[in-house]
Amino acid sequence: MIKTVIFARVSTSVQEYDRQVNELTALAKGNGWSVEAVFAEKISGAKANTERTELLNMINYVEANHIDKVLVTELSRLGRDTLQVLEVIEMLNGKGISLFIQNYNIETLTKEGMVNAMSQFLITILAEVARMERKTIRERVESGYKNFRANGGKVGRKAGYQKSESDMKEQYTEEIKLLKKGYSLRNISKITGTSINTIRKCKALI
């Protein structure tokens with residue numbers, strides 16, 4: 001039987017990774033794979049691999065226990081930094097362990113244990129697109145705020161003033177888009193400069 005481990009990650013302590021674990025457990029069962037261990041962490045995927053204890057524990061475990069596959073729901077669960085993600089994939093490939101990415105139904109190694117060139121190409125492109133998307137969003141938001149301030153605008157609100165729902169949706173368009181894409185409150189705050197409390201109010205409007 002093919003031996004697998006599940007790796008799940010969420011960005012903040014208020015999020016839960018149960019859905020990821022449950023989906024991957026069902027996936028393994030449906031394919032007749034055994035789940036030998038589950039590794040889950042609550043940490044930003046932008047952190048360096050050396051700062052992610054559970055990720056390092058997983059890498060050590062799969063090598064020591066002759067695991068065949070590592071299962072993740074999507075590539076971003078492994079990390080959000082392109083180079084860091086590819087570093088992990090290369091480590092796994094070097095140990096003859098395939099990474100299975102559920103939402104794209106691809107994995108890094110063939111049944112014969114050879115590197116799957118097409119999946120490697122796709123993974124590299126997907127990781128780079130994600131990185132560029134975050135950079136573009138951040139630059140666009142920063143540019144918008146600079147122009148707003150240059151034209152005499154002030155970020156914030158007058159004492160006692162409360163924005164209407166339509167005003168919120170109009171002013172925080174980017175924040176709402178990121179929420180719909182599944183970005184965490186903390187990451188959206190870092191990208192846009194908007195407070196977490198305000199982003200939480202935006203989330204209530206979705």
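From a predicted model like this one, the values you see are computed outputs, not experimental measurements.
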Handout entry: Contact check, side chains of Thr25 and Leu27, non-hydrogen atoms, under 4.5 Å
Key = no
Problem - Given Glu16, Gln15, Glu23, the one that forms side chain to side chain donor-acceptor pair (under 3.5 Å) with Arg19 - result: Glu23
Exercise for the section: Indicate yes or no: at least one non-hydrogen side-chain atom of Lys180 is less than 4.5 angstrom from one of Ile206. Expected result: yes
Handout entry: Salt-bridge criterion met for Glu63 and Lys95 (N-O under 4.0 Å)
Key = yes
Practice task
Taking the side chain as every heavy atom from C-beta outward, state whether Val5 and Tyr61 have any pair of such atoms under 4.5 Å apart.
Solution key: yes
Practice task
Kindly confirm or rule out a cation-pi arrangement of Lys69 over Trp33, judged by NZ or CZ under 6.0 Å from the six-membered ring centre and within 45° of its axis?
Solution key: yes
Handout entry: Which atom of Glu41 lies closest to which atom of Ile43, heavy atoms considered
Key = CD-CG2, 3.3 Å
Handout entry: Gln20 side chain reached by Phe7 side chain, heavy atoms, under 4.5 Å
Key = no
Practice task
List for me each residue that meets salt bridge (Lys or Arg N to Asp or Glu O under 4.0 Å) alongside Lys29, sequence neighbours excluded, and say none if there are none.
Solution key: none
Fill in the blank from the handout: Given the options Ile176, Leu178, Ile188, Ile199 meets side chain to side chain contact (heavy atoms under 4.5 Å, CB included) only with Ile188
Practice task
Examine the side chains of Ser98 and Glu107 and answer whether a donor and an acceptor come within less than 3.5 Å of each other.
Solution key: yes
Exercise for the section: For the residue pair Val70 and Met58, establish whether any side-chain heavy-atom pair is separated by less than 4.5 Å. Expected result: yes
Problem - Connected hydrophobic set around Leu205, excluding itself, where side chains approach under 4.5 Å - result: Met168, Tyr172
Problem - Contact check, side chains of Arg52 and Leu56, non-hydrogen atoms, under 4.5 Å - result: no
Exercise for the section: Answer whether the closest heavy-atom distance between the side chains of Asn65 and Glu36 falls below 4.5 Å. Expected result: no
Exercise for the section: Can you sort out the partners of Val85 under side-chain contact (heavy atoms from CB on, under 4.5 Å), two or more places apart, ordered by chain and number? Expected result: Leu75, Leu78, Ile89
